[in-house]
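Read through the structure below, which is laid out as structure tokens, and then see the notes.
Per chain, numbering begins at 1; letters A, B, ... match sequence-line order.
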Number of protein chains: 2
Amino acid sequence: MDDDRYPLRATIRDVAERAGVSIGTASKALNDNGRLKTETRERVIAAAQELGFRPNSLAQSLHRTRSMTVGVLSTDSFGRFAFPIIEALEERLAEHGIAIFMCNATDDPAREKQHLDQLLGKRIDGLIVTGRRMDKRPPVAVPGQSMPVIYVFSQADDPEALCLLPDDYGGAMQAVQHLIGIGRKRIAHITGPETFEAVTLRHRGYRDALAAAGLTEIEGYYRRGKWSEAWGREAVAALFDGEGDLPDALFCGNDQIARGATDALRERGIAVPGAVAVVGFDNWDVMTRAARPPLSSIDMNLRELGRLAGERLIAMIAGERRKGVERLHCSLVVRQSSDPTQS
Amino acid sequence: MDDDRYPLRATIRDVAERAGVSIGTASKALNDNGRLKTETRERVIAAAQELGFRPNSLAQSLHRTRSMTVGVLSTDSFGRFAFPIIEALEERLAEHGIAIFMCNATDDPAREKQHLDQLLGKRIDGLIVTGRRMDKRPPVAVPGQSMPVIYVFSQADDPEALCLLPDDYGGAMQAVQHLIGIGRKRIAHITGPETFEAVTLRHRGYRDALAAAGLTEIEGYYRRGKWSEAWGREAVAALFDGEGDLPDALFCGNDQIARGATDALRERGIAVPGAVAVVGFDNWDVMTRAARPPLSSIDMNLRELGRLAGERLIAMIAGERRKGVERLHCSLVVRQSSDPTQS
DNA sequence: TGAGGTCGGGAAAACCTTTTCCTTCCGACC
DNA sequence: GGTCGGAAGGAAAAGGTTTTCCCGACCTCA
């Protein structure tokens, strides 16, 4: 089974030979450098074409000081959130001829170190660290500022690091302002576990938006639980089956909660958005579109976040220094759950 | 902003110098090659440690004929299905010190070619092509068998290619056998668009499992539509609101359909699994767990598929030849929608 | 005392490109 | 005719590592 190897690729030496020039000349011809007769240049290019020559970028990188590759280290395994980010990042970097190495370390420091070692060996030009986390993660151990590192959708416990995050606070404000804008005054907030920083930030946005409209958070209207539909249903039960005044709107911490909530409302015969308007978070189409009615939601613009990360990384590789936390605006997407006139 | 560059890394030359040996000797010491005094070896290793030396794998790859990298080309953008596959693949390859380049070409042949060019330039040792597709895709244009290529969750129109796929047929059979096993005899199949090969295969498995139990497909019980919850609800409406005999089980082409179906059944007061048992496909936990009751489903073992792809690729890089279509078994996961005794 | 063996380590080629510096050739100009 | 300058292209270093081959020193044995 081990007999026939994969054939070796043509090198620039083969091209030079076939074109009857020196290897330096061949290089110049192919890179449009130096001073060559047009005829020679064309002869070399033709030879390269015929041989299917493709320059060995390992050799090129060795010579230049750039490898034209970057690493993407995902701690949390590639979740639903990482995908659009990485996809857009890859797209952006590909435009600059930069390829990405994907690694996944699933919160295992040992594997992270191992991957990092490998990436450093490969002389990546930069590193993106991503992965949903509740708290700040320890910074990755790249030896002595050897390359730019950006944390995306993840926060490093290092004031010198650059972190790119969605604007949870602003997103929450938009959601609540929208609900206030359609006349709601009794807005509850059902959200995830308070261990997530996003939960705190979104709650703050919620409260500040209320305050800005002269409203205050009503006792019992802020409910933290899990990121699941079941919790959404449960919270609705608690809010609507008890005594007390009923909410006329729900701002939910994610779309799963929002969907569970609308299901529970429908089953109680409570009209959405008639009696209660609902806005979710994440704009995850699997949820927003399947819910009845389709959910209004806050979109974190993850693709844009990925693109931005690509942008920043390219600039930093070119020498620019950046640090601190940069938050990208969220967008409100209105659907029927908060506006019956929407399709 | 362009003043301070990233510092250059230590090279083996620095290590050799610090240890007072030649660079060849340093290399031998670090790779545990050649014949050296233990003391010398240790001195070199210590020097490397002190300098934080990490061999430049570009240089290594240039010398060896292996780059220790492989490409992953995703046509369909990284969907929900690609992720577990890629994750497991990466894990498996990482164990062998192989890193992966991720590229996404979203069904754009021009971008695909561009990525392929880039990957060839980087001298990848192998290529994985992935992406859910309905039909066989044209094989990727790697010049003259220059490296092994494996299609995963994707099929190439080339008898010489190796394609790794889930066993849709067998998965469907398992689902239906399970339903028959719990005493159901009137089993309907609600599934996706017939343009997907998987739809055809699963339907065949469904029919053959019925036949093996002496049952036949009932008129109007095979329904093709979209891969959505809405379609699941719609199909239930068609099946249960009309005249005709009612099904006592539903085998659904994916979990979204299955979930839509269970929702529709519940709203009609039809007990699941009491009156109608439901089995889905994909075992997508977001759906199976949120559904009421939780859905039994067929798991395509995508992680195992990814691991297998890694396995095969490593073997092929080592010289083994393989071709044809290899299908990986699916697994039935039983939950309440087909067995009330399950949690 | 010399032949042969082992041990320890150095020199240099090889991997593939790019780039700088040189050489050669030729026409032009004084 | 000699000099200058430009055009065309070659030679070689550099980039970092591995590996093969070789050399010198020391040892063993006859």
Side-chain angles (χ1 to χ4, degrees), chain A residues 5-45 47-48 51-68 97 118 120-125 146, chain B residues 5-45 47-48 51-69 97 120-125 146:
Chain A
R5 272 13 268 273
Y6 296 97
L8 293 159
R9 316 263 348 225
T11 75
I12 201 171
R13 148 170 280 113
D14 303 322
V15 174
E17 201 165 319
R18 179 175 252 259
V21 298
S22 79
I23 135 182
T25 303
S27 172
K28 288 173 203 156
L30 294 170
N31 295 307
D32 220 7
N33 270 348
R35 305 197 299 194
L36 273 58
K37 239 193 306 188
T38 320
E39 186 267 331
T40 312
R41 205 179 285 281
E42 283 166 355
R43 192 150 38 90
V44 172
I45 291 173
L51 293 170
F53 170 73
R54 214 176 308 265
N56 183 331
S57 79
L58 274 54
Q60 291 179 321
S61 301
L62 195 58
H63 187 267
R64 311 182 172 143
T65 324
R66 299 253 326 254
S67 67
M68 303 301 274
Q118 190 186 38
L120 288 168
K122 295 203 182 294
R123 296 298 187 267
I124 51 170
D125 296 330
S146 55
Chain B
R5 269 17 266 272
Y6 296 98
L8 293 159
R9 317 264 346 227
T11 74
I12 201 172
R13 148 168 281 115
D14 303 322
V15 173
E17 200 165 318
R18 179 176 253 257
V21 297
S22 78
I23 132 182
T25 303
S27 172
K28 288 172 203 158
L30 295 170
N31 295 308
D32 219 8
N33 271 347
R35 304 194 305 192
L36 272 58
K37 241 195 302 190
T38 320
E39 187 267 329
T40 313
R41 205 179 285 281
E42 283 167 354
R43 192 151 36 90
V44 171
I45 291 174
L51 292 170
F53 169 74
R54 215 178 306 264
N56 183 329
S57 77
L58 274 54
Q60 292 180 320
S61 301
L62 195 58
H63 187 268
R64 309 182 173 144
T65 323
R66 299 252 327 253
S67 67
M68 302 302 275
T69 60
L120 288 168
K122 293 200 182 297
R123 295 298 185 267
I124 51 170
D125 296 330
S146 55

* Asked: Quick check: does any side chain N or O of B/N31 sit under 3.5 Å from a backbone N or O of B/N33, one acting as donor and the other as acceptor?
  -> no
* **Positional range of nucleotides in DNA chain D within the contact set of chain A, heavy-atom, under 4.0 Å** => D/dA7 to D/dG16
* Asked: Are OP1 or OP2 of C/dG8 and a side-chain N or O of B/R35 less than 4.0 angstrom apart?
  -> no
* For the helix from C/dT1-D/dA30 to C/dC30-D/dG1, what is the angle between the axes at its two ends, each from 5 pairs, rounded to 10°? -> 70°
* Sort and list the pairs that fulfil salt bridge (Lys or Arg N to Asp or Glu O under 4.0 Å) and have at least one residue in residues 22-35 of chain A, not counting sequence neighbours. => A/D32-A/R41
Give every pair of a protein N or O atom and an N or O atom of nucleotides 14-19 of chain C that lie under 3.5 Å apart, one pair per line with the distance.
| unit_1 | atom_1 | unit_2 | atom_2 | d |
| --- | --- | --- | --- | --- |
| C/dT17 | OP1 | A/N56 | N | 3.2 |
| C/dT17 | OP2 | A/I12 | N | 2.5 |
| C/dT18 | OP1 | A/N31 | ND2 | 3.3 |
| C/dT18 | OP1 | A/Q60 | NE2 | 2.7 |
| C/dT18 | OP2 | A/S27 | OG | 2.9 |
| C/dT18 | OP2 | A/N31 | ND2 | 3.1 |
| C/dT18 | O2 | A/H63 | NE2 | 3.0 |
| C/dT19 | OP2 | A/N33 | ND2 | 3.2 |

* CA sep, side-chain torsions, deciding dist, call: B/T69, B/K122, side chain to side chain contact (heavy atoms under 4.5 Å, CB included) -> CA-CA 9 Å; B/T69 60; B/K122 293 200 182 297; 5.5 Å; no
* Hey, could you give me the OG/CD distance between A/S22 and A/E17, rounded to the nearest 0.5 Å? => 12.0 Å
* **Audit row: A/L30, A/I12, side chain to side chain contact (heavy atoms under 4.5 Å, CB included) steps and yes/no** => CA-CA 9 Å; A/L30 294 170; A/I12 201 171; 4.1 Å; yes
* **Residues which pass side-chain hydrogen bond (donor to acceptor under 3.5 Å, both in side chains) with B/R9, listed by chain and number, not counting sequence neighbours** => none
Cut-off 3.5 Å, no hydrogens considered: what does the side-chain donor-acceptor table look like for residues 59-66 of chain A, sequence neighbours left out?
| unit_1 | atom_1 | unit_2 | atom_2 | d |
| --- | --- | --- | --- | --- |
| A/S61 | OG | A/S57 | O | 2.7 |
| A/R66 | NE | A/D125 | OD2 | 3.2 |

* To do: Remember a base hit wins even if backbone is also touched, and classify A/T40 as base, sugar-phosphate or nothing at under 4.0 Å, heavy atoms.
  => sugar-phosphate
* Under 4.0 Å between any heavy atoms, over every strand shown, what does B/T65 touch: base, sugar-phosphate, or nothing? Just pick one. => nothing
* Is the shortest side-chain N to carboxylate O distance from B/R43 to B/E39 below 4.0 Å? -> yes
* Structure fact -> For B/A26 and B/V21 the tightest heavy-atom approach is N-CG2, 4.1 Å
* Structure fact -> Nearest heavy-atom contact between A/S67 and A/I124 is OG-CA, 3.7 Å
